[in-house]
Amino acid sequence: MSGNQLDRATLAGGCFWCIEAAFEQIEGVRQVVSGYSGGTVHNPSYEQVCTGATGHAEVVQITFDPDAISFK
């Protein structure tokens with residue numbers, strides 16, 4: 001890794017398990033963390049979110065080296 005700091009992007013795109021697996025395969029990606037964004041329930045469970053009643057979106061936060069891969 002270069003001397004640059006890592007960048008982060010948080011993306012929503014349906015099921016986070018599929019997005020997580022795809023980004024983990026890309027060179028330059030250092031970490032992929034699944035979670036939830038938005039919604040009305042504090043600290044919801046996967047089961048709660050799957051009901052659609054909490055208003056949350058499934059998201060992944062991707063930490064990457066911008067010298068190895070661009071956001072674009």
Side-chain angles (χ1 to χ4, degrees):
M1 188 169 89
S2 73
N4 284 352
Q5 291 195 354
L6 299 176
D7 282 345
R8 253 189 222 129
T10 303
L11 308 171
C15 173
F16 56 54
W17 301 116
C18 298
I19 300 168
E20 181 179 5
F23 278 100
E24 286 177 335
Q25 303 297 316
I26 299 174
E27 186 175 334
V29 171
R30 300 292 182 240
Q31 184 179 32
V32 183
V33 177
S34 295
Y36 308 106
S37 182
T40 57
V41 175
H42 178 71
N43 223 5
S45 69
Y46 179 75
E47 290 77 15
Q48 289 174 307
V49 173
C50 285
T51 69
T54 68
H56 287 84
E58 294 184 34
V59 299
V60 293
Q61 186 173 73
I62 303 153
T63 303
F64 62 97
D65 178 353
D67 285 342
I69 184 172
S70 72
F71 181 77
K72 184 178 178 179

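Model, not experiment: these values are computed from the prediction.
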Compare all side-chain heavy atoms of [X] with those of [Y] and state whether any distance is below 4.5 angstrom.
{"X": "I69", "Y": "E27", "value": "no"}
{"X": "I62", "Y": "L11", "value": "yes"}
{"X": "T10", "Y": "R8", "value": "no"}
{"X": "R30", "Y": "D65", "value": "yes"}
{"X": "E58", "Y": "Y46", "value": "yes"}

[X] and [Y]: which non-hydrogen atoms are nearest, and at how many Å?
{"X": "A12", "Y": "A57", "answer": "CB-CB, 4.4 Å"}
{"X": "A53", "Y": "T40", "answer": "O-OG1, 4.5 Å"}
{"X": "V60", "Y": "S34", "answer": "CG1-OG, 3.8 Å"}

Open item on the list: Please tell me whether F16 and Y36 form a close aromatic pair, meaning their ring centres lie under 6.0 Å apart.
Closed with: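 Yes, ring centres under 6.0 Å apart.
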TODO: Group every Ile, Leu, Val, Met, Phe, Trp and Tyr by side-chain heavy-atom contacts under 4.5 Å, then state whether V33 and I19 land in the same group.
DONE: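 They do not share one cluster, since no chain of ILVMFWY contacts under 4.5 Å joins V33 to I19.
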- [ ] Give a yes or no on whether V41 and V49 share a hydrophobic cluster (residues Ile, Leu, Val, Met, Phe, Trp, Tyr; joining criterion: side-chain heavy atoms under 4.5 Å apart).
- [x]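 The answer is no; the residues belong to distinct hydrophobic clusters.
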TODO: Could you tell me whether the side chains of Q48 and T54 share a donor-acceptor contact shorter than 3.5 Å?
DONE: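 Distance-only check fails for Q48 and T54.
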- [ ] Please round to the nearest 0.5 Å and tell me the distance separating atom CD of Q31 and atom CG of L6.
- [x]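 If I round to the nearest 0.5 Å, the distance is 9.5 Å.
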